[in-house]
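Quick notes on the structure that follows.
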Amino acid sequence: MTQFVRLDTFPEYAIISFQGVSNLDANSALRVKAEMKGLIDEQVSNVLIDLSNVSFIDSTGFGTLISVLKTIKNKNGKLILVGVSPEVQELMDLMQLLNVFELAPDTKSALVQLNA
Amino acid sequence: MTQFVRLDTFPEYAIISFQGVSNLDANSALRVKAEMKGLIDEQVSNVLIDLSNVSFIDSTGFGTLISVLKTIKNKNGKLILVGVSPEVQELMDLMQLLNVFELAPDTKSALVQLNA
Amino acid sequence: MLFIRSFPNNLVQTEALAEWLQEVAVAVETIPYHKLRFVIHEAFVNACKYGHDHNANIVVVIRKHEDLEITITDPGNGFEIPNALSPFDAGAIGLSWNLARDRDTNVIAELRAPNTLSFSLRQEKGHQEVELMENHRGLISILKAAKNLSYHFVPNSFNYLHITC
Amino acid sequence: MLFIRSFPNNLVQTEALAEWLQEVAVAVETIPYHKLRFVIHEAFVNACKYGHDHNANIVVVIRKHEDLEITITDPGNGFEIPNALSPFDAGAIGLSWNLARDRDTNVIAELRAPNTLSFSLRQEKGHQEVELMENHRGLISILKAAKNLSYHFVPNSFNYLHITC
Ligand SMILES: Nc1ncnc2c1ncn2[C@@H]1O[C@H](COP(=O)(O)OP(=O)(O)O)[C@@H](O)[C@H]1O
Ligand SMILES: Nc1ncnc2c1ncn2[C@@H]1O[C@H](COP(=O)(O)OP(=O)(O)O)[C@@H](O)[C@H]1O
């Protein structure tokens, strides 16, 4: 079974990106959550989630991102969502989550924000 | 298979009545038509059709009555529909058939109309 | 106030349809049960007979607003337009033709908008010698009971007959 | 102008739903595709999750009039009313309760008419210490995108969620 989620670890942070899934919704969210939780539990604290391949996130999908956010916050880490499309940002607004997640247009600026 | 249609023959006329079918519609009309045509073909000319047990007739059902009317007219017979409910009469009006069929409230008055 | 149900696409369902409409008629009040039943029954039978996709359900939506709006979906490609034109063909707009002809009534179908076929009754001086039609009366009777009757072609959605009473 | 389709009652259908809405969005114009998809997707997922009758189809009707009226049927007995009251129980009229509570937003459900449950958002001064909710956000997001959101219980017909945008 191909992984939905890929992890690239670096000294200060890890990048989670999506492969083979463009909808983070009620159909995919459970599996994505399980895979992410599995990857993050190792000694990772700062995490970037690259959402540039994700064109749609529903409330279950956002629920997964919230639970990842909580896990990282409990480890005093930082979570930045990278490359979120304008449409998905509008959905985030509907979900009242715009002031809950930190966004960055690309990895470069996300790294700058990490060290800010 | 029970008959949908019953025939009672008298010297001057025959009475067709319905048993076990209260809807003369697309589901029942073909069988009713076949049964009626079978009964009428013998040397019957004047026919009363007792519709007092029929609560609903659709356009296919009315089509059956029209084809019976034509058969009887070709034999210079007379067709009278007996005991047609007010609701079915309203449907007849929708079908523009009120001036096509002769109606009678009951068999007694139908017989009077036959000999008028 | 919306009443919505879907029925398998076969004639036997007219029984279940009639039972359902009994309750709907109570709530609707503006049209007696036997007329409501007749109009929707005729449209439903047509949808069964002329719809092509026999495993698609037929959806009936009854909306009570000022008027009563009745929508019956049609699992098929709907009314045939003469000269095999498509209802979306600009050339077909404005086309009108005779769908059913009785002694003194014609059902006229006219392609108004690119996807809307509207029906109307045209009374003609009775030419009695015309043979009395045995069928093709369904739309005549719906038109007599309705304020407005139209058929809508909707790509990738269900086509539907729309009756305003 | 009506767009009507019915879908089998399972989550996998959200893909086919999204594709269908792509065409609908082109014709509707007043709301961008991603918002139209999100709102109907959320309602559809809820209908799948909370509907009880799993072989009934879910019917989606999109009606473009002044407003955009979206109806999603619900093959189940719908929202539970507190104290196990029935939505038709006169005693239940006027009952209102909190359906979902987030840091600064509550979804209030109120039984207005004997069969109509209307939803509204009540913003409250943010009590940040409240745990951030992971779920129960579907109705919040629909409410933020819609002018009006209500659920209708209809005996012998499909219950439905009604969204006006
Ligand atoms: N739902 C439909 N889809 C396609 N064609 C239809 C539909 N309903 C009616 N028609 C066409 O309109 C004609 C007239 O229909 P109607 O008045 O019901 O009479 P009948 O069905 O007896 O022919 C039909 O013969 C058919 O060609
Ligand atoms: N179609 C429905 N039928 C019955 N109950 C529903 C329906 N949709 C939502 N609900 C109820 O409303 C609550 C909030 O729904 P929602 O905001 O979508 O969040 P979630 O589904 O994640 O709980 C649900 O927990 C459920 O109890």
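Throughout, protein chains are lettered first and strands after them, A, B, ... in sequence-line order, and every chain is numbered starting at 1. Here the structure is a predicted model, which is why all the values come from computation and not from measurement.
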Q. Which atom names give the shortest non-hydrogen contact between C/Leu2 and D/Val154, and what distance separates them?
A. O-CG2, 3.8 Å
Q. Where do C/Asn156 and D/Glu19 land on the side chain to side chain contact (heavy atoms under 4.5 Å, CB included) test, with the steps shown first?
A. CA-CA 10 Å; C/Asn156 295 308; D/Glu19 258 161 59; over 6 Å; no
Q. What part of C/Thr116 is in contact with chain D, defined as an atom under 4.5 angstrom from a non-hydrogen atom: side chain, backbone, both or neither?
A. neither
Q. Do C/Asn115 and D/Met1 pass the side chain to side chain contact (heavy atoms under 4.5 Å, CB included) test, and can you show the C-alpha distance, the side-chain angles, and the key distance before you say yes or no?
A. CA-CA 10 Å; C/Asn115 65 345; D/Met1 188 58 184; 3.8 Å; yes
(Q) Taking side chain as everything from C-beta outward and backbone as N, CA, C, O, which of these in D/Asn159 sits under 4.5 Å from a heavy atom of chain C? Side chain, backbone, both or neither. (A) neither
**Q.** D/Glu80 atom CD, over 12 foreign heavy atoms within 6.0 Å
**A.** no
Q | Nearest heavy atoms of C/Phe3 and D/Ser157, plus distance in Å | A | CD2-OG, 3.9 Å
**Q.** D/Tyr160 versus chain C, the contacting section by heavy-atom distance below 4.5 Å
**A.** side chain
Q | Top contributor to chain D interface from C/His152, C/Glu69, C/His162 [non-hydrogen pairs under 4.5 Å] | A | C/Glu69
**Q.** Region of D/Ser6 in contact with chain C, defined by heavy-atom distances below 4.5 Å
**A.** both
